[in-house]
Every structure is written in structure tokens, then in C-alpha cells.
There are 2 protein chains.
Amino acid sequence: MSLTIGELSRQAQVKIPTIRYYEQIGLLAEPARTEGQQRRYGAAEVRQLNFIRHARELGFEVEAIRQLLDLTRAPERSCGEVHEITRTHLEEVKDKIARLTALRDELEAMVACDHRKISECRIIEVLADHGQCQHAQH
Amino acid sequence: MSLTIGELSRQAQVKIPTIRYYEQIGLLAEPARTEGQQRRYGAAEVRQLNFIRHARELGFEVEAIRQLLDLTRAPERSCGEVHEITRTHLEEVKDKIARLTALRDELEAMVACDHRKISECRIIEVLADHGQCQHAQH
DNA sequence: TCTTGAACCTCTAGTCGCTAGAGGATGTAG
DNA sequence: CTACATCCTCTAGCGACTAGAGGTTCAAGA
């Protein structure tokens, strides 16, 4: 079971330069190499890279992921710390959701604007500072 | 009504270097200057910078904001285009919300983990690729 | 065995949207 | 008139990639 970087890329859904970048910043260990210096990976790397991608998609910063990866190597005393990292992140996520939900509602109200009645289009007003209409003529 | 960059910064809640950066990339017009080359702003700039900040907070990219600002200068034929920019953005926002909500649920399940029962902590498993448990011993 | 060509290698530089710091000039209040 | 907060420009840095140049390796087919 030996994968090239291209195969790893496809399996883990992470672009090749990004894999090399992760290796460079120490998020991914240096893999085995062929005589000709080409990288070869195993199943463990596929799992780890999936872990990283998943965490990135969920908004964890690289530094947080590094901490999580470090902690998983000492699992017997890690749960509390993992818990703490996660809880901090949860607050951020909740905050993001709240702001995006407010945005979505605004955008939906905007999009409800009737194309044929340009004079009533609210997009600019809504994006302008609340309460102050920047384009009264619009 | 003449504001220094510091006053503008406070009123629009945008940091001074960011204001200068916006000017540099052409998002904000070059303001009037004193004899000694210090920037002086008026009420219009406060409104425009508020508009920009609001749009940035809501996740609009600088390029999209530039388009919106351009369009507001030709309001009689702009509504459709503004609408289009907004609708595209709305799709992205909805997608983000969906993914973050899924994340929030995962994180909340993780945080519900009992500290005293490390062996049941699910954080690592949830972050690992779904269905594959990276740390079966944990 | 040889050749072809896709995939790999390293390295540097660019992207976006800021942010920080150096080193010096300006403006205003006492 | 002096002190000093605030301003100026300029360069460089950040995170997390992404792109390109220029060259090498590997594996499959003839």
C-alpha cells in the first residue's frame, strides 16, 4: 500500500501543493521517499490528512489542528485539553453563525426586491450604515 | 466638519492602517490634505467607510464591494446587477451557515463529553474522517 | 531495452486583506 | 514656543495557501 502524492491528493481531497505546504510547516510528517526522492504515503497519512482537511473545513486554524494532533499522541491525559480547544472554538462558531444568520436575513430581504421597481431596491440602503440612507435618490 | 484619519477611524470603527490600505487599493477615494499632507475627511467618507466595513463584516470580498460602490454611482441601471451580486453572495452565506451549523452540533456533542471519562471523549473521533476511527484505543 | 509523457521534484514569488514597525514630520494645547 | 500626540511614508510580515519555472523520475507500451 504505497501512494504517490497525487493519489493521496485525490483520496484526501487536498491539493498537492497544499500537502507539501503542510509538510513544510510540520503539520504532516515527512513521508518515505523513493530512490528518486519522490514521496510515498500509506493509509495512516490518508487518515491524518482527512482529519486535517475536516478540521480546516470546520474552521479550525492550523495551530489548533497542530495542538489537536499533538494531543492525540498522548491520549491518556489529553481529553481535558482537547475539550478546552474545542469549547473555545465552539464559541467562535456560534458567533459566526449568529452573524451569518443576520446577514442571510438581510440578503434575503434584499433579494426580495422587485427588479422592475428599481426605486425600491433596498440593497444599498441595507448595506449602508443602519438608519442612515446613503442613496436617498435610489 | 473636517476629520483626521484617527477621528474617522473611531467613527467608522476601522483601523487607521486599514483606511490607508483601502485608499491604496482604490476602495476609498484620495481625501483632501492639509498643507502638511495630513488627510482630512468629511461626513461622506464616514458613511462610505461604514458601508465598506458593514459589507466586509458580512463577508463581501473587496472586489464585490468595489462593484457595489461602482454601481451605486449609476443607480438608475444598477439594481439588477446589485441584485445579482447579492444573490450569489446569499448562496455562499447559506452554504456557510449549513456547514457551521453541522460543526456546531458536532462540537456541542463533543463538549458534552464527561471529563472524568476520558475513554469516552469523542472529539478526536468526530474530527477524524467520518466512519473511520483514528484512535480506537481512545 | 528504450522511449515517451504524465507525474513528480525544488524553489521562488504571488495572492488577499490586512497589520506592525521604523523613522521622521505635523498640528495643537498649554 | 515647546511638548507630545498624532500623523506621514515605506517596507516587511502574517496565515494559508496557489502558481509557475525549470528540471527529474517513473511506469507502461513498442
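Every chain is numbered from 1 and lettered A, B, ... according to where its sequence line falls, protein lines coming before strand lines.
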Review point. Do the side chains of V46(B) and Y41(B) get nearer than 4.5 Å, heavy atoms only?
Key: no

Taken to the nearest whole Å, OH/Y21(B) to C1'/dC10(D) is 16 Å

Q | Worked check of side-chain hydrogen bond (donor to acceptor under 3.5 Å, both in side chains) between N50(A) and R53(A) | A | CA-CA 5 Å; N50(A) 265 314; R53(A) 175 181 51 97; 2.5 Å; yes

Might you work through the salt bridge (charged side-chain N to carboxylate O under 4.0 Å, His left out) test for R40(B) and E30(B), ending with a clear yes or no?
CA-CA 10 Å; R40(B) 286 302 119 98; E30(B) 294 187 11; over 6 Å; no

Rounded to whole Å, the CZ-C1' distance (R56(A) to dC17(D)) equals 9 Å

Short heteroatom pairs, N/O only, protein and nucleotides 4-7 of chain D, under 3.5 Å:
from   : atom 1 : to    : atom 2 : distance (Å)
dC7(D) : OP1    : T4(B) : OG1    : 2.8
dC7(D) : OP1    : G6(B) : N      : 2.7

From the candidates dC18(C), dT9(D), dT26(C), the one with an atom nearest any side-chain atom of T34(B) is dT26(C)

Please confirm whether the backbone N or O of I97(B) pairs with a side-chain atom of T101(B), one donor and one acceptor, at under 3.5 Å? yes

Q24(A) CD to dA13(C) P, in whole Å, measures 14 Å

Worksheet item: Within less than 4.0 Å of OP1 or OP2 of dG17(C), is there a side-chain N or O belonging to Y22(B)?
Response: no

Of the listed dT18(D), dG17(C), dA16(D), the closest approach to the K15(A) side chain comes from dT18(D)

In short, V14(B) meets Y22(B) closest at the heavy-atom pair CG1-CE1, 4.2 Å

Quick note, salt bridge (Lys or Arg N to Asp or Glu O under 4.0 Å) partners involving residues 2-19 of chain B, not counting sequence neighbours, are none

